[in-house]
Amino acid sequence: MMGAALSVASVGCSSTRQAKVDEAWLARVPEDQLGDVRDAQSQRRMAQDAVTRSEVAVNDANRELEVARRELDAAKARRDAHDAALKAARATGQSSNITQAQSELQGADSGLRAAQAQVKYREQAIKTMEAQKELRESELAVADAKLRQAEYEALKENQDVRAQDLSEADFASATADAQRKLEESQRKLQSTQRQEQQARATWERMRSQAQGYGGSGTEYEQRNP
């Protein structure tokens, strides 16, 4: 039993090694035969750059959320202040004071709803940026697999006997697996983008309503999405 287990483990390790070419072997391949490898290397560098940019985008989205949360706290404080002002106006018994305080409280309520909607939108935007980052990482995995496959093909074309110890099927399978995961990431991103669009539409509607009141409670809604 132990021998069988070791045999299976050995096969697993061997399969892992088979899907990778020792780059030192490529030193014997003439440069004019490395065109596909160089193209694959370029594609991988671009994919890596895209991953880095996506990480920056996630960080930016998190900062936007923090700002939105602070604005929500401010909107809550404004709402509480206007609620207290209405109670004070009612205590005076003056209808004009009460009417004005009620109007200001309605504006603060509308501003609070807009601030809450903005937080939900920013939270959804982060999910979209994270899905975008996952997609970029999947693209990098595809680029990695294609590079390894191109290296193998170059080694084989150069009739390097070490290519005989590698499995062409393993390289093809690794590329297919990476491509499949990429397609899953694309579907996930599309789903989060739709949810973000809905959240943004709700926020913009609430923001427009809050701006209709004018005055206090609408300052933060002026920021760009």
Between V51 and E55, is the side-chain contact (heavy atoms from CB on, under 4.5 Å) condition met? List the steps.
CA-CA 6 Å; V51 169; E55 291 171 349; 3.8 Å; yes

Steps toward side-chain contact (heavy atoms from CB on, under 4.5 Å) verdict (Q100, Q94):
CA-CA 10 Å; Q100 180 179 352; Q94 298 295 312; over 6 Å; no

Look at [X] together with [Y] and state whether they make a salt bridge at an N to O cut-off of under 4.0 Å.
X	Y	result
E196	K120	no
R122	E66	no
D49	R45	no
K133	E130	no
R180	D177	yes

Under the 6.0 Å and 45° cation-pi test, does R113 pair with W203?
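Judged by the rule, R113 and W203 form no cation-pi pair.
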
Any non-hydrogen side-chain atom of [X] less than 4.5 Å from a side-chain atom of [Y]?
X	Y	value
V37	V29	no
Q41	R38	yes
N59	R63	yes
Q124	K127	yes
R44	L140	yes
K146	Q43	no
S208	E204	no

If you measure from [atom1] on [X] to [atom2] on [Y], what distance do you get to the nearest 0.5 Å?
X	Y	atom1	atom2	value
I98	K87	CD1	NZ	14.0 Å
E139	M46	CD	CE	10.5 Å
R187	L182	CZ	CG	9.5 Å
K20	D144	NZ	CG	8.0 Å
L72	R79	CG	CZ	13.0 Å
Q195	Y121	CD	OH	14.0 Å

Do [X] and [Y] have side-chain N/O donor and acceptor atoms under 3.5 Å apart?
X	Y	answer
Q106	S110	no
Q33	E157	no
Q193	T128	no

Using salt bridge (charged side-chain N to carboxylate O under 4.0 Å, His left out) as the criterion, list what pairs up with D39, not counting sequence neighbours.
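In terms of salt bridge (charged side-chain N to carboxylate O under 4.0 Å, His left out), with neighbours along the sequence ignored, D39 is linked to no residue.
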
Step by step, work out the side-chain contact (heavy atoms from CB on, under 4.5 Å) result for Q118 and R207.
CA-CA 9 Å; Q118 181 182 193; R207 179 178 61 175; over 6 Å; no

Taking all non-hydrogen atoms of both residues into account, name the closest pair between [X] and [Y] and its distance.
X	Y	result
A131	T192	CB-OG1, 3.7 Å
E134	S185	OE2-OG, 3.6 Å
S54	R136	CB-CG, 3.9 Å
L65	E123	CD1-CG, 3.7 Å
K76	L112	CG-CD1, 3.5 Å
W25	L166	CZ3-CD1, 4.2 Å

Let me see the working for E184 and K181 under salt bridge (Lys or Arg N to Asp or Glu O under 4.0 Å), right down to the final yes or no.
CA-CA 5 Å; E184 292 174 358; K181 291 177 182 178; over 6 Å; no

Hydrophobic cluster membership, V119 vs I126, 4.5 Å side-chain cutoff
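Yes, V119 and I126 fall within the same hydrophobic cluster.
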
Using atom types as modelled and distance alone, determine if a side-chain donor or acceptor of [X] lies under 3.5 Å from a backbone N or O of [Y].
X	Y	answer
T175	F171	yes
T92	A89	yes
S173	A169	no
N62	V58	yes
T99	S96	no

More than 12 heavy atoms of other residues, nucleotides or ligands under 6.0 Å from CG of D36: is that the case?
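Not more than 12 within 6.0 Å, no.
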
Give the intermediate values and the outcome of salt bridge (Lys or Arg N to Asp or Glu O under 4.0 Å) for residues D73 and R69.
CA-CA 6 Å; D73 290 340; R69 285 173 173 166; over 6 Å; no

Audit row: E151, R148, salt bridge (Lys or Arg N to Asp or Glu O under 4.0 Å) steps and yes/no
CA-CA 5 Å; E151 290 173 340; R148 290 192 293 268; over 6 Å; no

Apply side-chain contact (heavy atoms from CB on, under 4.5 Å) to the pair L34 and E31, showing each step before the final yes or no.
CA-CA 5 Å; L34 291 174; E31 184 62 33; 3.7 Å; yes

